[in-house]
Peer 1: 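Dropping a structure here in structure tokens format, bear with me for questions.
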Number of protein chains: 2
Amino acid sequence: MYICLMYSKEIIKGTLKPIILKLLQEHNRMYGYEITQKVKELTKDKIQITEGALYPLLHKLEAEGIVTTEKESIGKRVRKYYKLTETGNSKAAELIDEFIDFMATMKHILDPNLSPGYGTAQ
Amino acid sequence: MYICLMYSKEIIKGTLKPIILKLLQEHNRMYGYEITQKVKELTKDKIQITEGALYPLLHKLEAEGIVTTEKESIGKRVRKYYKLTETGNSKAAELIDEFIDFMATMKHILDPNLSPGYGTAQ
DNA sequence: GACTAATACATAAATCTTTTATGTATATTT
DNA sequence: AAATATACATAAAAGATTTATGTATTAGTC
């Protein structure tokens, strides 16, 4: 079986948003750095979120009302926690479901033997 | 369960290359328009490849030596068939394996219940 | 005590992919 | 005759992410 340490950049494109929303769904509130570490841990270093991608997206999600923030002081440092709003919660559920459905479709294309029942359920 | 007719654009990013390479792996040779139709058919219209994305990528794959082309006249129209080179074949296998592995990782993040054995096999 | 790595945020330029728009031309169906 | 499908192609604009850079605190190591 194919083993890789870290995925090539192109492959990860477009997956950041569902990842973040899923983690926020599960953890109530998280701060940026925590998200990067959680993803590293969950994926055994295969996916490493860059800060240049993460923070602008978090800010955008806030501007869209998907998440709200609260700052918290840890010693002299300030952490910014993100949590889903009510709207954000349903948006998150939608997007994650769409992504899972999409992956089933991709699996059907890429590995037909592993998705024998594709399309039978309507 | 969530049903959607067509995936949002962002979600599909980065998936075009593995899709094309997989189809070429399976069909020996295909022409551009044929690829768009095959993908539409396989995914029940959920993924529709735009020509503006397809043709530049095919040209790039040719420039990189992943595919070769042969033109064929159908009446007064000319079709351009693409097929994998030997190098292209192994590159395709690599990329597809990486993508499948990546999807397993994503599934593990997004839907932990459906990937209980994640990471047990080494 | 000084240095390094980790924690924690942020932004901006450059890169890359894809969409949207446009163009050309033939073949088929209504 | 007109509309739709087939078949290629390119170019400007939009969008996401990388790479690079910046600031500052905290913890661990030599």
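Labels below follow one simple rule: chain letters A, B, ... track the order of the sequence lines, proteins then strands, and each chain is numbered from 1.
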Peer 1: Look at atom CD of B/E86 and say whether more than 12 heavy atoms of other residues, nucleotides or ligands are closer to it than 6.0 Å.
Peer 2: no
Peer 1: Of all heavy-atom pairs between A/K22 and B/I109, which one has the smallest distance, and what is that distance?
Peer 2: CG-O, 3.4 Å
Peer 1: Under a 4.5 Å cut-off applied to non-hydrogen side-chain atoms, are B/L54 and B/I20 in contact?
Peer 2: yes
Peer 1: Is there a side-chain polar atom (N or O) of A/Y31 under 4.0 Å from OP1 or OP2 of C/dA8?
Peer 2: yes
Peer 1: Just the rounded figure in Å: distance from P of D/dT6 to NZ of B/K38.
Peer 2: 14 Å
Peer 1: Whole angstrom is fine here: how far is it from CZ in A/R79 over to P in C/dA10?
Peer 2: 14 Å
Peer 1: Heavy atoms, side chains only, cut-off 4.5 Å: are A/M103 and B/L110 in contact?
Peer 2: yes
Peer 1: Select from B/P56 and A/P56 the residue whose nearest nucleotide in DNA chain D is closer to the 5' end of that strand.
Peer 2: B/P56
Peer 1: Would you classify A/G52 as touching base, sugar-phosphate or nothing, given that sugar-phosphate means primed atoms plus P, OP1 and OP2, and contacts are heavy atoms under 4.0 Å?
Peer 2: base
Peer 1: For B/Y82 and A/R77, find the nucleotide of DNA chain D closest to each by heavy atoms; which residue's nucleotide sits nearer the 5' end?
Peer 2: B/Y82
Peer 1: Let me know the distance between CD1 of A/I49 and P of D/dA16, rounded to the nearest Å.
Peer 2: 16 Å
Peer 1: In whole angstroms, how far is the P atom of C/dC16 from the NZ atom of B/K60?
Peer 2: 8 Å
Peer 1: From CG of B/L61 over to P of D/dA9, roughly how many Å is that when rounded to an integer?
Peer 2: 13 Å
Peer 1: Would you classify A/K71 as touching base, sugar-phosphate or nothing, given that sugar-phosphate means primed atoms plus P, OP1 and OP2, and contacts are heavy atoms under 4.0 Å?
Peer 2: nothing
Peer 1: Side-chain N or O of A/K76 less than 4.0 angstrom from OP1 or OP2 on C/dA8?
Peer 2: no
Peer 1: Base, sugar-phosphate, or nothing: which does B/E34 touch, judged by heavy atoms less than 4.0 Å apart?
Peer 2: nothing
Peer 1: Which nucleotide wins on minimum distance to the side chain of B/Y33, given the candidates D/dT6, C/dC9, C/dT18?
Peer 2: D/dT6
Peer 1: Side-chain contact, heavy-atom cut-off 4.5 Å: A/K17 with A/L61?
Peer 2: yes
Peer 1: Whole Å only: how far is the OH atom of A/Y55 from the C1' atom of D/dA24?
Peer 2: 13 Å
Peer 1: Has A/H59 got a side-chain N or O lying under 4.0 Å from the OP1 or OP2 atom of C/dT11?
Peer 2: yes
Peer 1: A/L57 CG to D/dT17 C1': how many Å, rounded?
Peer 2: 11 Å
Peer 1: To the side chain of A/A53, which of D/dT17, D/dA7, D/dA16 is closest?
Peer 2: D/dT17
Peer 1: OP1 or OP2 of D/dT17 less than 4.0 angstrom from a side-chain nitrogen or oxygen of A/T50, does that happen here?
Peer 2: no
Peer 1: Quickly work out the B/E62 CD to D/dA9 C1' distance and round it to whole Å.
Peer 2: 14 Å
